[in-house]
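Labels below follow one simple rule: chain letters A, B, ... track the order of the sequence lines, proteins then strands, and each chain is numbered from 1.
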Amino acid sequence: MNYKKIENKWQKYWEDNDLHKFDPKNIDRKHYVLEMFSYPSGANLHIGHWWNFGLSDSYARFKKMQGYEVFQPMGFDSFGLPAENYAIKTGIHPKDSTYQNIATMERQIKEMGLMIDWSAEIITSDPSYYRWTQWLFLQLYKHELAYQKDAPVNWCPSCNTVIANEQVQNGECERCHNIVERRNMTQWFFKITNYAEELLNDLEKLDWPEKTKIMQTNWIGKSVGGEIEFDTESGHSFRVFTTRADTLPGLSFVVLAPEHPLVDVITTPEQKQVVQEYKKQALMTSEIDRLSTAKEKSGVFTGAYAISPLDNKRVPVFIADYVLYTYGTGAVMGVPAHDERDFVFAQKYNLPITRVIKSADGSPDELPYTEYGVMTGSGMFDGLTSEEGQLKVIEYLRKINKGEQKVNYRLRDWSVSRQRFWGCPIPIIHCQDCGAVPVPEDQLPVELPYDVNFTPDGQSPLKRHEAYINVKCPACNKDAKRDPDTLDTFVCSSWYFLRYPNASNDKAAFDKEFTNKIMPVDKYIGGSEHAVGHLLYSRFIVKALRDMGYLDFDEPFLSLVHQGMILGPDGYRMSKSRGNTINPDDYIRVYGSDIFRLYLAFGFNYIDGGPWSDEGIRAMVRFSERVDRIVQKYKDCQTETDSKVYNDAEKELDFVTHNTIKEVRADYQSFSFNTAMARIMELVNAIYKYDSLPEADQGFAKGAIITLIKLLAPLAPHLCEEWYEMLGNKPSIFSQSFPEYDESKLVKDKVEIAVQINGKLRGAVVTPSKASQEQIKQIVFQNPQIAKYLEGKTPKKVIVIPRRIVNIVL
RNA sequence: GCCGAAGUGGCGGAAUUGGCAGACGCAAAGGACUUAAAAUCCUUCGGAGUGUAAACUUCGUGCCGGUUCGAGUCCGGCCUUCGGCACCA
């Protein structure tokens with residue numbers, strides 16, 4: 001077979017007939033299938049693209065054949081650091097390299113033969129796209145969900161930019177793996193924390209992998225507890241957050257984060273110097289160093305004392321870097337008997353350790369005892385369980401105005417400013433008099449200038465571009481400056497799924513009515529590395545736009561699938577530095593797109609992935625030729641009728657055909673492409689077997705072959721179009737409906753069931769499939785093979801599972 | 001340390017709710033066809049053992065226990081690998 005020729009023919013046919021274009025007329029039957037778009041890197045498409053796009057396309061084609069109006073778009077997440085770093089190295093402008101890469105990738109993606117509606121293509125670095133990213137920013141700003149603050153942020157010294165919490169892994173930059181520093185900078189943030197509770201609660205509505213939901217749950221990190229107010233002897237006050245108010249009677253000290261503003265106020269003159277030094281030390285310590293010394297607690301005494309609101313106990317106030325200024329109130333109470341960190345700290349600084357919780361059942365326990373238990377040595381609270389105590393203690397404090405119930409989240413606001421060139425400009429102008437002034441919406445987009453010196457010097461490259469940076473204030477018309485930063489590329493990708501259906505709309509980011517109908521995405525496919533970044537940001541943006549009145553739905557992605565990863569042949573992640581990359585082009589040249597797609601479908605489990613191996617790719621050629629031979633044999637057969645009188649052979653083929661339909665439908669729906677292929681191969685085998693019979697009915701066989709081609713079409717679209725046409729049908733096969741199965745054909749007259757004796761397999765008997773339990777028992781006991789085991793013994797119990805198994809207990 | 005997932009033949013991988021472990025392929029071995037090769041077709045293919053043979057026995061889903069008529073699947077305790085989080089009060 002000439003694969004290349006067949007592929008070209010059908011790709012042209014699809015394009016000429018606009019078969020992949022979404023038709024808004026049929027929006028009631030819409031099915032939005034979306035693969036996470038990709039960054040246009042310089043290299044050719046890698047196996048991962050084929051794996052993600054190719055098999056998702058099979059799902060999309062399956063849905064199309066099921067009668068859905070499928071919308072499957074494609075685009076490029078084209079802002080970002082690699083192009084800029086490449087530019088710094090080679091002098092080739094990011095815009096030039098990016099658009100060249102996009103052209104190459106488009107061509108290659110088209111060779112895959114995907115069912116893409118290219119009229120909806122988007123490129124995030126196009127002004128026609130980022131104009132609306134800027135619009136989005138301004139809406140967030142207008143609704144106080146975008147704000148500036150001077151705060152400690154993660155600075156990557158190698159990338160020369162701030163990065164978000166979600167982009168820090170083990171204290172390192174996720175991109176370049178350099179150690180991240182903390183810096184205080186004035187930055188733009190998005191107030192994702194406003195949505196912490198809803199982002200958490202709505203997870204249960206989603207058909208997502210449990211693993212991913214758990215990761216988001218942990219990332220949001222809700223904890224329920226209380227805030228407690230302490231006064232210092234000097235007359236100041238501060239609050240601590242705790243989830244264990246029941247341990248408050250065991251208070252031994254309190255600790256403030258070094259950055260806490262009260263530290264300078266309450267520190268006594270004698271302690272001033274050590275406190276200052278400790279603060280300086282703590283600020284200089286990088287995140288990674290703080291982690292590596294996790295076990296070693298350090299801190300210094302401020303000289304000040306605080307008073308417990310519960311019992312007026314006087315306790316020393318420390319500062320220590322194990323208390324994070326960015327979580328809770330930046331201050332904690334120290335109860336060493338019931339918290340491991342406090343215990344270590346108290347031992348080191350010789351602070352009293354007082355037990356106030358004992359185990360509920362009185363069993364012996366050691367300090368620190370961090371489990372829930374019963375309060376003891378706690379005065380009026382004695383005897384309460386931890387759960388009761390937490391409520392009662394806070395309730396008591398609330399009455400005396402010294403505390404309240406409080407919920408805290410681990411999630412922080414999303415920092416979006418980046419000190420880099422190749423990104424979406426922030427549409428804000430800073431005026432000495434008016435402050436931060438939004439660029440009027442009718443002046444969008446704020447275009448990224450081309451002639452920029454992007455050599456890094458630790459500041460935004462746009463800052464040096466005089467013509468760009470110097471503007472008049474839109475409010476007062478005085479001299480002002482543009483914000484020199486660009487947006488995190490995750491902002492671009494946090495709403496792209498809304499833009500696809502509106503790609504050519506130049507009046508608005510999206511049309512509300514149409515978007516409410518075509519959204520949410522019905523099936524979203526992409527890597528699990530985005531579990532807490534992109535997937536969380538997108539959910540936030542949709543909820544924010546909903547609250548602004550732009551959208552009527554709550555969640556962007558109803559159903560999510562993470563494809564596994566195809567590793568190098570050595571079992572490691574493919575990388576150039578490891579030299580274990582596989583270039584799909586080498587295979588495409590020889591086998592074409594369909595064979596390669598078939599191999600990916602059959603050779604691996606889609607959710608798990610696995611190490612690459614091309615043993616077996618030849619088998620797909622063999623398989624396609626096997627199908628081709630049977631098609632060739634039947635292509636001139638005119639009759640396509642069901643055999644009037646079904647003999648056993650026809651019943652058998654019918655059973656396999658309908659069983660295959662049933663299984664394949666379920667398999668495609670659950671992205672289990674490898675088992676779908678296995679079932680289809682079984683059908684091919686069954687057709688060959690029937691065909692080899694002298695009495696085989698030609699028309700009957702042909703019917704099964706057409707069903708086979710339709711079942712296979714989503715996995716091998718070009719070949720199946722060709723075969724379908726060869727068999728005398730009008731294209732396109734994708735306008736045909738996917739085969740339905742007939743339940744009555746799945747009922748066999750007779751079934752073989754296994755017989756166990758005392759749980760051990762001892763034989764099998766054939767029974768009528770409708771036989772009652774009693775009838776089955778009779779057949780079993782009459783079977784000579786079984787009877788010999790039963791001689792002289794009385795069965796104690798006989799378990800009959802119709803159509804499956806019989807177990808006789810002696 | 002905490003959270004999560006996985007562990008099945010020589011290999012990739014299958015096994016509805018607990019119901020014949022190893023579907024479907026790959027590789028391998030033997031055979032048919034062929035002058036030959038390729039292609040195709042047929043047979044065997046988890047381990048150990050018994051038998052001339054059809055066949056039979058026994059062990060077997062990371063390890064140790066348990067529940068059950070019956071466990072790859074459920075429960076308890078371990079081991080290993082991978083992913084995520086990491087002083088979150």
- Ranking rA27(B), rA89(B), rA23(B) by distance to the side chain of R622(A), first place goes to rA27(B)
- For rU52(B), the nucleotide meeting Watson-Crick or G-U wobble distances (both under 3.5 Å) is none
- Task: Decide, yes or no, whether a salt bridge links K633(A) with D691(A) under the criterion of side-chain N to carboxylate O below 4.0 Å.
- Result: yes
- The nucleotide from rC24(B), rC59(B), rG19(B) with an atom nearest the side chain of R679(A) is rC24(B)
- Query: Is there a side-chain polar atom (N or O) of N605(A) under 4.0 Å from OP1 or OP2 of rA14(B)?
  - Reply: yes
- Message: Measuring to OP1 and OP2 of rA86(B), would you say a side-chain N or O of R410(A) lies under 4.0 angstrom away?
- Response: yes
- Message: With a 6.0 Å cut-off on the ring centroids, do Y537(A) and W414(A) count as close?
- Response: yes
- Message: Only pairs with both distances under 3.5 Å count, Watson-Crick or wobble alike; so what is the partner of rG72(B) in this structure?
- Response: none
- Note on the structure: Among the nucleotides rA86(B), rC20(B), rA14(B), whichever has the atom closest to the side chain of L761(A) is rC20(B)
- Residue-phosphate contact under 4.0 Å: N674(A) side-chain N/O, rA14(B) OP1/OP2: yes
- Query: Is the phosphate of rA89(B), meaning OP1 or OP2, less than 4.0 Å from a side-chain N or O of Y327(A)?
  - Reply: yes
- Message: Checking contacts here: which listed nucleotide (rA27(B), rC41(B), rC87(B)) is nearest the side-chain heavy atoms of R626(A)?
- Response: rC41(B)
- Message: Less than 4.0 angstrom between a side-chain N/O of R762(A) and OP1 or OP2 of rU57(B), yes or no?
- Response: yes
- Message: Only pairs with both distances under 3.5 Å count, Watson-Crick or wobble alike; so what is the partner of rC85(B) in this structure?
- Response: rG1(B)
- In the structure shown, which nucleotide is the Watson-Crick or G-U wobble counterpart of rG18(B), with both distances under 3.5 Å? none
- Indicate, with a heavy-atom threshold strictly under 4.0 Å, whether D608(A) touches base, sugar-phosphate, or nothing. nothing
- Message: If I pick the P atom on rG72(B) and the same atom on rA15(B), what distance separates them, to the nearest angstrom?
- Response: 16 Å
- Hey, is rG72(B) sitting syn or anti, using the within-90° cutoff around 0? anti
- Query: Among rC85(B), rG19(B), rC3(B), which is the nearest nucleotide to the side chain of R804(A)?
  - Reply: rG19(B)
- Item | Out of rG13(B), rA23(B), rG19(B), whichever nucleotide has its closest atom nearest the side chain of F604(A) | rG13(B)
- Item | Residue D321(A), side-chain atoms from C-beta onward, closest of rC87(B), rG19(B), rG12(B) | rC87(B)
- Query: Do the charged groups of K222(A) and E197(A) touch, with an N to O distance under 4.0 Å?
  - Reply: yes
- Message: Would you say the rings of F253(A) and Y349(A) are close, in the sense that their centroids are separated by under 6.0 Å?
- Response: no
- Message: Once you apply a heavy-atom cut-off of 4.0 Å, does E752(A) come out as touching a base, just sugar-phosphate, or nothing?
- Response: base
- Item | Residue mapping more 5' on RNA chain B - nearest nucleotide basis, R629(A) or P611(A) | P611(A)
- Could you measure between the two P atoms, the one in rG77(B) and the one in rC11(B), and give it in whole Å? 31 Å
- Item | Nucleotide nearest N807(A) when distance is taken to its side chain, options rA14(B), rC88(B), rC69(B) | rC69(B)
- Message: Does a side-chain N or O of K797(A) approach OP1 or OP2 of rC69(B) to a distance below 4.0 Å, or not?
- Response: yes
- For rC59(B) and rC64(B), measure between their P atoms and round to the nearest Å. 14 Å
- Which nucleotide sits closest to the side chain of I214(A): rC85(B), rC3(B), rA23(B)? rC3(B)
- Item | Donor-acceptor pair under 3.5 Å, K796(A) side chain vs rC69(B) base | no
- As its Watson-Crick or G-U partner within any shown strand, both distances under 3.5 Å, rA39(B) has none
- Compute the ring centroids of Y587(A) and F596(A), then answer whether they are less than 6.0 Å apart. yes
- Message: Any side-chain N or O of S223(A) below 4.0 angstrom from OP1/OP2 of rA89(B)?
- Response: yes
- Task: Please tell me which of the listed nucleotides, rC24(B), rC87(B), rC26(B), lies nearest to the side chain of E615(A)?
- Result: rC26(B)
- Message: Between F671(A) and F673(A), is the ring centroid distance below 6.0 Å?
- Response: yes
- Message: With a 3.5 Å limit on both atom pairs, tell me what rU61(B) is paired to, counting Watson-Crick and G-U wobble, or say none.
- Response: none
- How are the rings of Y606(A) and W51(A) set relative to one another: parallel (under 30°), tilted (30 to 60°) or perpendicular (over 60°)? tilted
- Query: 5'-most contact on RNA chain B: E166(A) or A764(A), nearest heavy atom basis?
  - Reply: A764(A)
- Query: For G527(A), which contact category applies under a 4.0 Å heavy-atom criterion: base, sugar-phosphate, or nothing?
  - Reply: nothing
- Message: For rG7(B), give the paired nucleotide (Watson-Crick: N1-N3 plus N6-O4 or O6-N4; G-U: N1-O2 and O6-N3; both under 3.5 Å), or none.
- Response: rC79(B)
